[in-house]
Every structure is written in structure tokens, then in C-alpha cells.
Asks: 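I am attaching a structure below and will ask some questions about it afterwards.
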Amino acid sequence: MLKIKNPIAVFVALWLFVLYIYSKRYSLVLTPLSVETFIYVLSICLSFTLAYYTIKGLFFNKKLRNDNNFVESQNLYVKLGKVFKIWIFFTLIEIAFFRGLPLLAILGLGGDSGRYTEWGIPSLHGFLNAMIITISNYLFYFYLKTKNRKYLWLYLSCVMWPILLITRQMLMSMVVQAAFIYILSNNIKTSSIIKVVLAAFGVVCLFGIVGDLRSGGDSFIELVQPSSDYPSWLPSGVLWVYVYMVSPLNNVNFNLQKFPDFYFDPSPLVSPLFPSFIREKIFSESNVFNFQLVNENLNVSTMFPSYLTSFGYYGSLIFYFILGLLITFIYFKFRSKKANLKWLFVLGVIFHNLIFSVFVDFFFNLVFLFQFVLHFYISSTLKFSNDKD
């Protein structure tokens, strides 16, 4: 059975699955899977796997802890309260500056706050997003460990915030991170997995219905051009999800041969670490290797292009090995006896980044890097209690 608490195992399983469903080529938009792309994805999986066994062999041969008991600490609540107060203060400034909220503006209840894609003070808004997602992490964890509904309602209040901003990405990040906090904090039973699979299928069906309503089912079919062997009896949501999952790799597959074996230009990775107003002055947007989209309407390209552009084909594989070492180290720190509580939340963010690697690179995204900083600040002195062998 797949070790769903092991980030390396989840990453490898995810990408092998994407390779498999891509190879079925159920959409004619997909270019034929090249040998180079197939080997590249397998090599990435191998790099992560080698990194896992390197760390395991060198540092972690002891029996690991399996429980995650809740730690009560006044210091945690004090620090969390400080973060929340800072978020409230600057969020009120943003609301005043834009004279309302995007959803209220659409409903005609909050003045003219501009387009929702333009809402938020540049740079500051990203840090505030990191704060509210981090706060939601703790509130959800508190609910899991105390069963106090107060924390559940507070968590749901956090979830309402991206809805008010009409920001699907932040909403998805909150939900996905909460899901992995649940997985990391509990012993997952087979019955629970079955329930999750059934719920996921329901979400897929709903996703298709909403997509058909927004874009029109016929126009979507025209866009993705399902192949003759696609099981047309499946709900439309399956095709929607299929295309969303494989089209990013399709763009990589279309461009992979353009990248050199080795290259070194870390600016594509470093530039997102700077606030936007500084980034625009220091770094210029360039497309050195002429990366092109197969279809302008399917414009995401996995996390791979950032590393290919920075290090080249083989150079990126070396980087993945180093990244795998870091991820594995954090995983074993989480599993070790007398572990610090921060490792649970940091690992939750890492799982989030790995899952979204199918679409985009979040490892060098300032929002999620700042989440790491916040978790180190809030829970750096807290340890799990009642460790068992």
C-alpha cells in the first residue's frame, strides 16, 4: 500500500499516474509522448527516490514515532494571536484602499474595488495570504485534536476569505493543506480512503457540471478534442480533470528538446523571492529557450520549466536530488521522537507543493516560503507529547 504520509512516495506515485494517463492520449490536443519526456519524468522520480534512501541510510535508522499528540502551549496562542492581529491590521488597510471586497463589488454591495485579479497591494498581499493560510493550518489542527467546534468555525471563516476575494488558488491551498494536516495527524484506515475516493469522484462530477455551465460543454469538447477511444460514458468532469492534469506536461513535452544538458541561470527561481516592485526593476522577463504553449487556452506547464530554464536537462535532475534530500530530511524530522510541532505544518506545505507540481512550481513562491518562516516562528519551541516506540 502507498505510504501516503511519505512525500517522496506520493510524488513518485502522482507522476507515474500522470505519465500513464498521458500515454492514453484521450485528447487530440496532446502531442505524442516523446521518449525524452518519458525518461525525464522517470529520472526525476529516481532522483527523489535516491535522495530518500540516502537520507534514510545516513541519518535515520532508528524506529520512528507514529503518534501526533496535541501540545497545549500558551506561547503558541500568543504568537498566533500576534500574526492574526498583523493580518487584520494590514487587511483593513487593503480593504480601505480598494474601497471594498471583490465579491461584494460584484454583488453591488461594496463599492468599486476593481477587478478581483488586481485586488490587493502588491507584495504586501502575498505576505497576508501566507498569514491567513498559516492561521487556517493551526485552527484546523486544533479542531482535529480538541474536537472543539469553535476551531472548526474559525477555520471555515478563514476559508470564506478567499471566497470573498474570488481567489481559487488560495482556497485550494487552504483545503489541500488541511487535508494533509489531517492525513499526517491521523492513522488513515482503508474505509477512510474509500470515502475520500468517493468524495473525490463527487467533486470531479461537480467540477464538470460547473465547467459546462461556465464555458459550455460543446465549446470544451471542441477545445480538447477527445479521441475516439475516450470512454464517453464517463461524467464530463472526468474529461475536465484529465485535461487539466495532462495539459501541463503536454507543454513540457512540446518544448523539452529545446533545453541544453547543463545551464546555470538561477534568476527564474530567485526572482519570485523578491517583492514584485523590486522584481520588476531587477529582473527582466525573458524566454531564452522559446518555451511555447501547445494551446493558448491551456497555459500551465508543471513545475519543471523553472528548473529546466535555470539548470538545463541534467542540471535540473541534480537539483531535484538536492530538493529530495531536503524534503526527506524534513519528513524524518517530523517522524522522529521528540519532534518539533513545526515539522508537521512544514510537511503539510511541502505536500501541497508536491501535489501542485503537476501544474506549477510553488517551492520558490514567496507566499509558501513565508509560510515556512511563520511556522518556524509560531511553533519553534513546541514538541509532540507522549512519544511511543
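Along the sequence shown, residues carry numbers from 1. Bear in mind the structure is a predicted one, so any value in this text is a computation, not a measurement.
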Asks: Counting C-beta onward and ignoring hydrogens, is there a side-chain heavy-atom pair between Lys56 and Phe332 closer than 4.5 Å?
Replies: yes
Asks: Supply the atom-to-atom distance Asn137 CG to Phe180 CZ, rounded to the nearest 0.5 angstrom.
Replies: 13.0 Å
Asks: Are Ile322 and Ile55 in one and the same hydrophobic cluster, where Ile, Leu, Val, Met, Phe, Trp and Tyr link if side-chain heavy atoms are under 4.5 Å apart?
Replies: yes
Asks: Is Leu16 reachable from Val241 through a run of hydrophobic residues whose side-chain heavy atoms are each under 4.5 Å from the next?
Replies: yes
Asks: Hey, is the main chain of Ile330 close enough, under 3.5 Å, to the side chain of Trp343 for a donor-acceptor pair?
Replies: no
Asks: Evaluate side chain to side chain donor-acceptor pair (under 3.5 Å) for Tyr320 paired with Ser43, printing each intermediate quantity in order.
Replies: CA-CA 9 Å; Tyr320 294 129; Ser43 298; over 6 Å; no
Asks: Please, which pairs that meet side chain to side chain donor-acceptor pair (under 3.5 Å) have at least one residue in residues 350-359, sequence neighbours excluded?
Replies: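 Qualifying pairs, neighbours excluded: Trp15-Ser357, Ser173-His352.
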Asks: Within a strict 4.5 Å, meaning less than it, do heavy atoms of the Phe11 and Ile44 side chains meet?
Replies: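 When only atoms from C-beta onward are counted, Ile44 and Phe11 do touch, with a gap below 4.5 Å.
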Asks: Here's a test for you: under ring pair (Phe, Tyr, Trp, His ring centres under 6.0 Å), which of Tyr20, Tyr26, Tyr22, Phe17 qualifies with Tyr242?
Replies: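 Option passing the ring pair (Phe, Tyr, Trp, His ring centres under 6.0 Å) with Tyr242: Tyr26.
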Asks: Calculate, to the nearest 0.5 Å, the distance between atoms CD1 and CD belonging to Ile133 and Gln177 respectively.
Replies: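 The distance works out to 6.0 Å.
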Asks: Excluding sequence neighbours, so at least two apart, what forms side chain to side chain donor-acceptor pair (under 3.5 Å) with Asn365?
Replies: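 Asn365 satisfies side chain to side chain donor-acceptor pair (under 3.5 Å) with no residue once adjacent residues are dropped.
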Asks: Using side-chain heavy atoms (C-beta onward) and a distance below 4.5 Å, is Glu36 in contact with Phe259?
Replies: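 No - every pair of side-chain heavy atoms lies 4.5 Å or more apart.
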Asks: Are the side chain of Asn251 and the backbone N or O of Asn299 linked by a donor-acceptor pair below 3.5 Å?
Replies: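 Not confirmed, Asn251 side chain does not pair with Asn299 backbone.
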Asks: Measuring only between side-chain heavy atoms, which start at C-beta, is Tyr141 closer than 4.5 Å to Leu341?
Replies: yes
Asks: Between Phe304 and Tyr40, how do the two ring planes meet: parallel, tilted or perpendicular, split at 30° and 60°?
Replies: perpendicular
Asks: Strictly distance-based, threshold 3.5 Å: is any side-chain N or O of Thr37 a donor or acceptor partner for the main-chain N or O of Leu33?
Replies: no
Asks: Is there a chain of hydrophobic side chains (I, L, V, M, F, W, Y, each step under 4.5 Å between heavy atoms) that links Val175 to Tyr151?
Replies: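 Shared cluster, yes.
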Asks: Evaluate the side-chain proximity of Leu256 to Leu308: yes if any heavy-atom separation is below 4.5 Å, no if none is.
Replies: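 Side chain of Leu308 against side chain of Leu256, heavy atoms only: contact under 4.5 Å found.
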Asks: Is Val41 reachable from Val300 through a run of hydrophobic residues whose side-chain heavy atoms are each under 4.5 Å from the next?
Replies: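 Result: no, two separate clusters.
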Asks: Are any of the side-chain heavy atoms of Phe356 and Met303 separated by less than 4.5 Å?
Replies: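 Counting from C-beta outward, Phe356 and Met303 never come under 4.5 Å.
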Asks: Go through the steps to decide whether Phe321 and Leu317 satisfy the test side chain to side chain contact (heavy atoms under 4.5 Å, CB included), and finish with yes or no.
Replies: CA-CA 6 Å; Phe321 176 76; Leu317 295 178; over 6 Å; no
Asks: Do Trp161 and Met170 touch side chain to side chain, with heavy atoms closer than 4.5 Å?
Replies: yes
Asks: Please answer whether the main-chain N or O of Leu374 pairs with a side-chain N or O of Lys342 as donor and acceptor at a distance below 3.5 Å.
Replies: no
Asks: Output yes when a side-chain donor or acceptor of Thr309 lies under 3.5 Å from a complementary backbone atom of Ser306, and no otherwise.
Replies: no
Asks: Between Asn250 and Leu30, is there a side-chain heavy-atom distance shorter than 4.5 Å?
Replies: yes
Asks: Distance-only, no hydrogens or angles: does the Asp261 side chain make a donor-acceptor pair with backbone N or O of Tyr314 under 3.5 Å?
Replies: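 No; judged by distance alone, with no hydrogens or angles, the pair does not exist.
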Asks: Show your reasoning for whether side chain to side chain contact (heavy atoms under 4.5 Å, CB included) applies to Ile135 and Cys158.
Replies: CA-CA 8 Å; Ile135 292 169; Cys158 291; 4.2 Å; yes
Asks: Can you check whether Ser185's main-chain N or O pairs, donor with acceptor, with Lys145's side chain at less than 3.5 Å?
Replies: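 Yes; judged by distance alone, with no hydrogens or angles, the pair exists.
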Asks: Between Phe345 and Tyr138, does the ring centroid distance fall short of 6.0 Å?
Replies: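 Yes - the distance between ring centres of Phe345 and Tyr138 falls below the 6.0 Å cut-off.
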